[in-house]
Amino acid sequence: MGMVAFQEIEDAARRIRPHIRRTPVDLSTSLSDMTGVPVYLKLEHRQITGAFKVRGATNAVLSLSDAERARGVVAASTGNHGRGLAHAAKRAGIRCVVCMSSLVPQVKIDAIKALGAEIRIVGKSQDEAQMEVGRLIREERLVSVPPFDHPLIVAGQGTIGLEIVEDVPDVSTVFVPLSGGGLISGVAAAVKAKRPGVKVVGISMARGAAMHASLKAGYPTEVEELPTLADSLGGGINLDNSITFEMVRTLVDRVVLLTEAEIAAGIRHAYVQEREVIEGGAAVGVAALLARKVKSFGPTVLLLTGRSIDMRLHQSVVAGTNALMDAA
Ligand SMILES: *Cc1c(COP(=O)(O)O)cnc(C)c1O
């Protein structure tokens, strides 16, 4: 068990600064008018690779020893982490293997391949892909860079919190999409070190919210994974979670759950009112405000985390014809 210290986040910021984009913060007129407080959007979906995960991945890759660099890195991820890690490894000139199941769509495979990573397709589930990671660590001595439960990943994602406090010094509430909790752990640690009074709210989809279920149980718990518009927020928190469960329990003030229809409304509002194309997992902050599930009492920052959404899916959500929107 361990918590990531503020110093580790500042070290990460210095390390990754030349390699990542410092994303802007924009005032949302529509959401400010609706809530009566200034609402800002942290536009992290405009990060290189289209999601914030390149921050943690870059911090981890830049922290490798020479011996580890020579061995290369490995992860099981179909989405934003795999892409972020492939990008970081390419920049560092080291080997990167991404393991995924045969169910992963070809577009995602192509995106990661285009970044020069080796792809291993194994089995029909994320668990089987994870077993291949274990094999590669043992047999080819690759270094594992997991998506959230790792101090360098938490510290890298936490650099967003430093930027939020710099750009919105009077921030009172931060809304953060929540899955494995690497992002919110880092952001909460950074923001609360600078502004102890700030409230940090985590937001997940009701369909398969593993961290929420774990917090309720008091220990890391598995939940059934279901199709959701917020696909980047799916998956478990690891039954042997060693960092993020404890950090979320200690630092996060509230966790809010959303229906698929509410998430769809968030995607639509971001597009129609703010002209931003974001994926479901990135729209939950906007969605929570629209659904009036959380009240804001002062300057509020919503973290928009990624834009990896199939454009036909995006169109169907904006048009209100997507089938998942009616899911319970
Ligand atoms: C990974 C991810 C999240 C959640 O981050 P965790 O550290 O797993 O909580 C949110 N939004 C997007 C777009 C992501 O890719």
Side-chain angles (χ1 to χ4, degrees), residues 4 9 23 41-57 59-60 75-87 108 111-112 126 145-161 174-190 200-205 208-215 220 225 228-238 241 243-245 247-249 251-252 255-258 263 266-267 270 276-288 302-310 314:
V4 169
I9 301 172
T23 53
L41 308 177
K42 171 71 168 161
L43 307 179
E44 194 62 22
H45 61 299
R46 298 202 205 150
Q47 185 54 260
I48 312 162
T49 70
F52 71 89
K53 287 222 173 58
V54 71
R55 293 181 185 249
N59 190 39
S77 163
T78 62
N80 291 324
H81 176 65
R83 231 170 130 181
L85 184 61
H87 176 88
K108 288 193 163 181
I112 292 175
Q126 192 66 9
V145 181
F148 55 88
D149 197 32
H150 188 291
L152 292 164
I153 298 293
V154 170
Q157 324 302 32
T159 59
I160 298 170
V174 184
F175 286 35
V176 185
L178 170 61
S179 177
L183 174 64
I184 202 169
S185 295
V187 168
V200 176
V201 179
I203 309 151
S204 305
M205 65 290 166
M211 184 62 85
H212 181 261
S214 301
L215 291 169
E225 208 172 323
T228 169
L229 286 171
D231 55 286
S232 288
L233 305 186
I237 70 160
N238 297 349
N241 187 296
I243 298 172
T244 62
F245 175 68
M247 286 189 78
V248 170
R249 182 151 72 166
L251 296 172
V252 174
V255 176
V256 174
L257 301 183
L258 298 174
I263 296 168
I267 295 173
E276 301 290 348
V277 174
I278 55 174
E279 58 180 284
V284 292
V286 176
L302 312 182
L303 186 40
L304 309 189
T305 45
R307 60 177 180 203
S308 316
I309 184 168
D310 178 90
H314 189 268

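Just follow the structure's listing: the first ligand is 1, and inside any ligand the first atom is 1. Along the sequence shown, residues are numbered consecutively beginning with 1. Remember, it's a predicted structure, so these values are computed and weren't measured experimentally.
- Those atoms of ligand 1 that come under 4.0 Å of a heavy atom in Leu233, given as number and element, are 3 (C), 4 (C), 10 (C), 11 (N).
- Here is the list of ligand 1 atoms found below 4.0 Å of a heavy atom in Glu279: 13 (C).
- Panel note: side chain Ser179, backbone Leu233; a donor-acceptor pair is recorded below 3.5 Å.
- The main-chain N or O of Gly182 is never found under 3.5 Å from a side-chain atom of Ser185 such that the two would form a donor-acceptor pair.
- When non-hydrogen atoms are compared, ligand 1 lies under 4.0 Å from neither the backbone nor the side chain of Ala51.
- Atom 13 (C) of ligand 1 has as its closest protein heavy atom Thr305 OG1, 3.3 Å.
- Residue Gly180 approaches ligand 1 through these ligand atoms, each under 4.0 Å from one of its heavy atoms: 6 (P), 8 (O), 9 (O).
- Ligand-side atoms of ligand 1 in range of Gly181: 6 (P), 7 (O), 8 (O), 9 (O), range being under 4.0 angstrom from any heavy atom.
- Counting heavy atoms from C-beta outward, Val277 and Ile309 have side chains that approach closer than 4.5 Å.
- The nearest protein atom to atom 2 (C) of ligand 1, hydrogens excluded, is given as Lys53 NZ, 2.4 Å; this is a heavy-atom distance.
- Rounded to the nearest 0.5 angstrom, Leu178 CG and Leu257 CG are separated by 9.0 Å.
- Less than 4.0 angstrom separates some heavy atom of Asn80 from each of these atoms of ligand 1: 13 (C), 14 (C), 15 (O).
- Atom 5 (O) of ligand 1 has Phe52 CZ, 3.6 Å as its closest protein atom, hydrogens excluded (heavy atom only).
- For the pair Val286/Leu304, a side-chain contact is recorded, criterion being any heavy-atom separation below 4.5 Å from C-beta on.
- A distance-only check finds no donor-acceptor pair linking the side chain of Asn80 to the backbone of Gly82 [under 3.5 Å].
- The closest side-chain donor-acceptor pair between Thr23 and Glu44 falls under 3.5 angstrom.
- Residue contact check: Gly182 has heavy atoms under 4.0 Å from atoms 6 (P), 7 (O), 9 (O) of ligand 1.
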